Structures are given as structure tokens and as C-alpha cells.
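Take a look at the structure set out below.
All ligand and atom numbering here is 1-based and tracks the order in the structure. The structure presented is a predicted model; accordingly, all values stated were derived computationally and were not measured. If you read the sequence from its start, that first residue is 1, and numbering goes on from there.
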Amino acid sequence: MLTAEAIIDIAALQHNFKLLHGKCPRAKVAVVIKANAYGHGAVQFAKALPEADAFAVSRIPEAIELRNAGIKQPILLLEGCFCVDELKSASALGFHTMIHNEQQLKEFESIKADKPIQVWLKIDTGMHRLGISPELVAAYYERIKASPNSYDEIGFASHFYNADELDSDATTQQIKCFEEATKGYSGPRSLSNSAGVLYWPDAHYDWLRPGIALYGIVPRVESTGAEEGLRSVMTLKSKLIAVREHKKGEAVGYGHNWVASQDTCIGVVAMGYGDGYPRTAPNGTPVLVNGRKATIVGNISMDMITLDLGLNAQDKVGDEVIFWGENLPVEEVALHIGTLAYELVIKLTGRVKKTYTN
Ligand SMILES: *Cc1c(COP(=O)(O)O)cnc(C)c1O
């Protein structure tokens, strides 16, 4: 019996790509598929999106994996190259690289690349994680431009830190800062992650960089992908391996952290933190069993989760349990667990079988 399975809907991914690109059809799209496409499968996603203008990842092995799989589009290294060898690979394999500090610039100047490398200058507009300060743009730009390793055109990028909050003016400030820092340059500009694409039309510029929204998930915790017209891409499910009568006053599982307040049935499902379902999920976290909502009770085990199915439940061994998907938004589950949907989808382990459907 097949148990833990993630059904990944490629048609939904393609729908989401079109919807996001439709927010700014003149812009190009660098589809963010770092961390194995947030756990969904980077190679499968890259192959399913031939219209993408580029793909973006965080580590050079991720970029190399895509090239080896036959992906032809440019691949952007979001944090740039971490050493000279990576720069040489970027030149040989056609990766775009960010430059965000002096060390990266020096290494870029020091090599003799066989082919030029497309550089994006990363500007810190307020996140204070990566990027050069806006005052340094002119100096960096001149040095990059003077290097034979660079193409004539240099891109400009920055990243939002709060764009999922629609009523904070942090994002307006960041857009203003980016606008001023890049004024007068002709190179392409890129500012928008998913939140920027969805909520901040002034931030679209020349290249969009959506990640999470492609997977049908919105970055705002109060909302769901469906509210934005996005379709859920991943359905996580497994099966009941036991259904047991349970008496009022009895507890269940390690630590006995839940006690039944009335007679009920407990369903035991083949899923646990060994599959990547978080051990921190509290009593009351929802799942779907035979189309209705039930709740998790007791501590999450490595291989099993216990559910309160209710008195006289008709559910049987082998019945399907859905942990998130179209009718149970992963954002809602994340809210119960106190994490982000990003982390839930990314953390599934190799024991969960991935099945791609169209
Ligand atoms: C991860 C990342 C993105 C995509 O962010 P989402 O919130 O998933 O859309 C865009 N740009 C950079 C620099 C990133 O690191």
C-alpha cells in the first residue's frame, strides 16, 4: 500500500505562472526554484515551464543540476558566486551572478573568464541582509563595466523584507530607494518576489522573481493562494493504518498530551516527522478524511499521526488522509503550526513519494 505521497499538479503550476506573468506581461520572469523548487522538484518544474525567461537558485550545485538536465535558459545565482571556481562555472555554463560585496567584486575582477558573465548588482534597499549600500552603486558599476568578464549591460536587483504586509510603508520606501539608486542606468532591474508581483505593481520593473506563488501559496499568512486565483500545486496525503475505539478519559501517544473528553474513534495515519510533517503541530491541527475535516490529537511520532475521527466514524484502514492541498490550504495548516507554508512544503523528506500529474 502506497502511504505518504505528494501529488504535484503541473497544470496548476503552469496556470500560476500565466497568472503571475499576466500581472506584468512586458516583464521577463526568473522563476525561483531554489531548494529543489521549495521541495517540489526543480528539474521537473524547469521542464514544465519552457516560457520562463530564466530560473533562479541559491547554490551552484542547484544550477549545475539544471544544466545537466538539459535546461537551456539562463540560471541566476541569487547570492552570487562564493569563490573563483564558481565564477568559472558561471562563465562556462551561462549562469547569471549577483555581486553583493567587495570580495565577490574582487574575485570577478581577478579571473580571466572564457566567456563574459551576466552580472546583477545587488543593492541593499532596507533588508540589511545582502547587497551594497545605494551610495556605492556608481563605484561598483564602473568597476564591473571596466572588466572584460562582464557584458556591457549590468542588471540591478534588490529584495523586499516586508512586502507581504500591505499597510506598512517599508515597501514603498524600498521601491523609492531602488528607484533612486538605479536612476540613469540602462540595465534591467529586478525587485519583485511573489509578494511584489502580487501586491506591488510599482515594483514590477523588468524582471519578476516569483517563487512561492508559483506553487500556489501566498506569502501573506492571513490569505490563501485561492483568494488570488492561484491553484494549489502540492497535495500531501497518506492512508489510515488503524482505526480504534477510544474511551473518554483515555490519552493517546507519546507523553499523553491529549485526553479524550468523550468516547471517540482514533485514526492512525502513516505520516510523521520522518516524512517531514512537523513534530510541533499541536492538537487541533486540521486534516481531511473522506472529505471532512478532522483534527490531529496527541504528539506527532516519527512514522504516525493520530486523529480524532469522532464517535461512530465510518473511516476504514486504507482510507486517504489529506494534510494539505486544494481543499485544505497549506497556509491554514501553517497558521496552526506556527510556521510558514514555505517551510512545510520544503521539509518533506525522501520517504514521501512525489507523483507528477497534469
Ligand atoms: C527566494 C527569493 C525570491 C522568491 O521569493 P518568494 O517569496 O518565494 O516569491 C526572490 N528573490 C530572492 C533574492 C530570493 O532569495
Query raised in the report: Does ligand 1 have a heavy atom under 4.0 Å from the side chain of His159, from its backbone, from both, or from neither?
Result: side chain

Requested in this report: Report the part of Leu78 (side chain from C-beta onward, or backbone N, CA, C, O) that has a heavy atom under 4.0 Å from ligand 1; answer both or neither where that applies.
Outcome: side chain

Query raised in the report: Heavy-atom distance to atom 2 (C) of ligand 1: which of Arg209, Lys34, Met127, Met98 wins?
Result: Lys34

Query - Electrostatic pair Glu5:Lys239 at N-O distance under 4.0 angstrom - result: no

Report summary line: For atom 8 (O) of ligand 1, the closest protein heavy atom turns out to be Tyr38 OH, 2.6 Å

Report task. For atom 9 (O) of ligand 1, grab the closest protein heavy atom and report residue, atom and distance to one decimal in Å. Result -> Ser194 OG, 2.5 Å

Requested in this report: Would you please classify the geometry between the Trp120 ring and the Trp207 ring as parallel, tilted or perpendicular, with 30° and 60° separating the classes?
Outcome: perpendicular

Report task. Measure the acute angle between the ring planes of Tyr141 and Phe156, then classify it against the limits of 30° and 60° as parallel, tilted or perpendicular. Result -> parallel

**Report entry** Residues, nucleotides or ligands: over 12 heavy atoms within 6.0 Å of Arg279 CZ
**Finding:** no

**Report entry** Numbered atoms of ligand 1 (with element) below 4.0 Å of Tyr342, judged on heavy atoms
**Finding:** 6 (P), 7 (O), 8 (O)

Query raised in the report: Quick check: does any side chain N or O of Asn149 sit under 3.5 Å from a backbone N or O of Phe108, one acting as donor and the other as acceptor?
Result: yes

Report yes if [X] has an N/O atom closer than 3.5 Å to an N/O atom of ligand 1; otherwise report no.
{"X": "Ile212", "value": "yes"}
{"X": "Lys122", "value": "no"}
{"X": "Arg129", "value": "no"}

Query raised in the report: For His159, which of Gln174, Lys122, Arg209 qualifies under side-chain hydrogen bond (donor to acceptor under 3.5 Å, both in side chains)?
Result: Arg209

Query raised in the report: Taking the six-membered ring of Tyr199 as reference, does the NZ or CZ atom of Arg220 fall below 6.0 Å from its centre and within a 45° cone about the axis?
Result: yes

